[in-house]
Amino acid sequence: MISYKHEPFTDFTQEANYNAYVEALNKVESYLGQDYPLIIGGERITTEDKIISYNPAKKTEVIGRVSKASKELAEKAMQAADETFKTWKKVDPAIRADVLFKAAAIIRRRKHEFSALLTKEAGKPWAEADADTAEAIDFLEYYGRQMLRIKDGQPVESRPGEYNRYDYIPLGIGIVISPWNFPFAIMAGTTVAALVTGNTVLLKPASTTPVVAYKFIEVLEQAGLPAGAVNFVPGSGAEVGDYLVDHPKTRFVSFTGSRDVGLRINQRASVLNDGQIWIKRVIAEMGGKDTIVVDKEADLELAAQSIVKSAFGFSGQKCSACSRAVIVEDVYDTVVNRVVELTNALTVGDPVDFSNFMATVIDQAAFNKITEYIEIGKGEGRLVAGGTADDSVGYFVQPTVFADVDRNARVMKEEIFGPVVAITKAKDFDEAIDIANDTEYGLTGAVITNNRTNLEKAREDFHVGNLYFNRGCTGAIVGYQPFGGFNMSGTDSKAGGPDYLQLHMQAKTTSEML
Ligand SMILES: NC(=O)c1ccc[n+]([C@@H]2O[C@H](COP(=O)([O-])OP(=O)(O)OC[C@H]3O[C@@H](n4cnc5c(N)ncnc54)[C@H](O)[C@@H]3O)[C@@H](O)[C@H]2O)c1
Ligand SMILES: N[C@@H](CCC=O)C(=O)O
């Protein structure tokens with residue numbers, strides 16, 4: 001088997017790649033507005049009630065109409081998953097891994113089509129969509145190989161006359177609840193981690209991006225996944241989400257999303273329901289308030305570039321996005337001025353146009369929330385770039401920078417999840433790290449410095465799950481920078497890491513006397 005290497009990103013300055021993406025956008029255009037059913041035990045079920053997925057850049061354009069699961073259908077899916085678990089858990093892990101490898105190959109052949117769908121459904125500019133699809137492929141390739149690595153368990157000691165083994169077995173039925181901001185990579189990664197380890201899954205994708213999830217389930221079917229191993233049940237978080245989380249047959253929940261929903265799921269999952277004979281496991285990857293710290297001995301151009309790219313890539317809608325920058329006073333004005341210049345030069349518009357660096361935010365609720373925060377920011381700091389928004393055609397918010405913000409301001413503390421960055425001044429590096437840590441989150445962070453002592457200080461004291469030196473704070477690669485955060489950023493379940501699959505399994509010790 002070829003050793004794992006991450007999927008390369010596409011160079012769209014190459015004419016052939018550019019043309020292939022335009023063709024893929026045309027292909028996606030040709031199937032906009034279709035209906036998509038639920039998939040339960042392999043059966044397609046169409047409901048009256050629909051989730052309508054819209055293009056955030058052209059808000060009346062329908063991407064697809066997706067059937068919506070009720071509690072009754074969620075229960076039917078639970079029964080299908082329960083029945084299929086009896087057989088799927090016994091399938092050779094190497095065969096389960098093969099399904100992932102085959103799915104990766106199918107997606108690789110249709111790579112630009114998937115990315116183009118993300119451009120239309122999630123408002124992802126080309127490079128961001130391409131990275132999302134590449135990460136989905138990476139999860140398939142990486143988790144497949146990880147399963148092969150742990151399929152025979154781990155070695156343990158045996159004494160004379162004794163044979164001890166330590167094996168991993170599946171947990172049971174997993175509920176996978178995924179977010180819209182990495183609607184392909186995170187949805188696919190969390191689903192296949194649960195499947196390859198022998199569990200069966202009910203997938204509830206985010207309601208703004210269900211079409212790409214449906215297309216992925218089709219790929220898994222084509223790759224040989226048996227009916228009922230994964231069940232596609234889009235629906236309301238409050239209705240279907242709660243029902244599935246509470247269900248006594250649910251063995252674990254793999255959630256990625258906001259802090260508040262994650263805490264709610266964690267709390268509900270801790271309640272013992274009638275007929276339940278286990279403690280549910282919760283994998284929760286939640287929000288962030290991520291900081292780039294700039295030291296006085298630093299490459300200041302790199303600092304400004306890193307802040308702008310990390311703050312405004314995909315309109316700041318990444319849990320890893322730089323939403324705060326803390327700059328040591330000696331270099332503060334220089335870096336702020338350059339951040340403003342770079343921000344003002346960004347192109348914003350419909351993501352189907354390759355020349356646009358930034359596009360929309362996801363929907364009206366996000367637009368309203370972000371613009372409210374911009375108003376709050378105007379009272380908390382000095383608006384130095386952006387600050388305007390327009391939702392007449394799509395949900396466009398200009399990249400916005402607030403300087404001279406107090407460390408305790410709301411825009412410095414609360415996750416905005418949009419193209420807004422707050423900048424504050426620190427008197428020295430120690431104070432900068434103290435400010436960076438002064439948040440309930442702990443997901444990503446970056447330090448820009450040429451001072452080795454300060455890098456080592458940050459390595460020890462900057463309390464985040466993913467810490468980057470002399471680069472931006474977004475863009476973790478599967479198998480290279482396992483991803484997950486501390487504190488209110490979640491359970492630090494490192495997606496794309498060497499111990500992620502074990503979270504979906506339980507270890508069994510057998511000891512035989514010889
Ligand atoms: N740490 C990470 O790896 C990571 C990755 C991506 C996104 N995020 C976070 O996700 C958030 C953005 O995503 P979002 O807006 O989709 O988050 P969200 O919490 O609103 O929704 C996430 C998912 O939970 C579902 N949901 C909502 N209410 C539910 C309930 N009561 N029970 C069960 N499910 C419910 C939603 O339908 C969706 O599928 C941000 O906070 C971001 O930081 C974190
Ligand atoms: N893994 C992604 C962020 C995922 C959350 O939105 C990154 O590293 O930028």
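Since the structure is predicted, the reported quantities are computational estimates derived from the model, not experimental observations. Atoms within each ligand, like the ligands themselves, are counted from 1 in listed order.
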Electrostatic pair [X]-[Y], nearest N-O below 4.0 angstrom:
| X | Y | result |
| --- | --- | --- |
| Glu48 | Lys68 | no |
| Asp499 | Lys494 | no |
| Glu221 | Lys215 | no |
| Glu440 | Lys289 | no |
| Glu128 | Lys318 | yes |
| Glu141 | Lys5 | no |
| Arg264 | Asp242 | yes |
| Glu415 | Arg259 | no |

Ligand 1-proximal atoms of Ile362, by part, heavy-atom distance under 4.0 Å
neither
Should the proximity of Ile186 to ligand 1, defined as any heavy atom under 4.0 Å, be assigned to the side chain, the backbone, both, or neither?
side chain
Flag, side chain of Arg471 to backbone of Thr474, donor-acceptor distance under 3.5 Å
yes
What atoms in ligand 1 come closer than 4.0 Å to a heavy atom of [X]?
| X | answer |
| --- | --- |
| Ile177 | 23 (C), 24 (O), 25 (C), 33 (C), 34 (N), 39 (O) |
| Thr256 | 2 (C), 3 (O), 4 (C), 5 (C), 6 (C), 22 (C), 44 (C) |
| Gly241 | 32 (N), 33 (C) |
| Asn181 | 6 (C), 7 (C) |
| Pro205 | 39 (O) |

Would atom 19 (O) of ligand 1 count as contacted, meaning some protein heavy atom under 4.0 Å?
yes
Looking only at N/O atoms, are [X] and ligand 1 under 3.5 Å apart anywhere?
| X | answer |
| --- | --- |
| Asp242 | yes |
| Gly257 | yes |
| Phe255 | no |
| Phe417 | no |
| Arg264 | yes |
| Lys204 | yes |
| Glu415 | yes |

Looking only at protein heavy atoms, which one is nearest to [atom], and how far off is it?
| atom | answer |
| --- | --- |
| atom 15 (O) of ligand 1 | Trp180 NE1, 2.8 Å |
| atom 1 (N) of ligand 1 | Met286 O, 2.7 Å |
| atom 4 (C) of ligand 2 | Cys319 SG, 3.2 Å |
| atom 8 (O) of ligand 2 | Ala476 N, 2.8 Å |
| atom 4 (C) of ligand 1 | Cys319 SG, 3.1 Å |
| atom 13 (O) of ligand 1 | Pro179 CB, 3.6 Å |

Is there a nitrogen or oxygen of [X] sitting under 3.5 Å from a nitrogen or oxygen of ligand 2?
| X | answer |
| --- | --- |
| Ser320 | yes |
| Phe182 | no |
| Phe483 | no |

Considering only heavy atoms, which of Ser258, Gly237, Gly485 lies nearest to atom 26 (N) of ligand 1?
Gly237
Close aromatic pair by centroid cut-off 6.0 Å: [X] and [Y]:
| X | Y | answer |
| --- | --- | --- |
| Phe417 | Trp180 | yes |
| Phe184 | Phe114 | yes |
| Phe357 | Phe312 | no |

Whether over 12 other heavy atoms sit under 6.0 Å from Ile279 CD1:
no
Is the NZ or CZ atom of Lys124 both under 6.0 Å from the centre of the six-membered ring of Phe182 and within 45° of that ring's axis?
yes
cation_pi(Lys280, Phe252) dist<6.0 Å, angle<=45:
no
Measure the distances from the heavy atoms of [X] to every atom of ligand 1 and state whether one is below 4.0 angstrom.
| X | result |
| --- | --- |
| Ala366 | no |
| Ser178 | yes |
| Phe182 | no |

Please say which of Leu100, Thr191, Val196, Val478 ends up in a side chain to side chain contact (heavy atoms under 4.5 Å, CB included) with Phe139.
Val478
Tightest non-hydrogen contact, residues Ala81 and Asn231, listed as CB-ND2, 3.7 Å
Per-atom contacts, ligand 2 versus Asn181 - under 4.0 Å to a heavy atom:
5 (C), 6 (O)
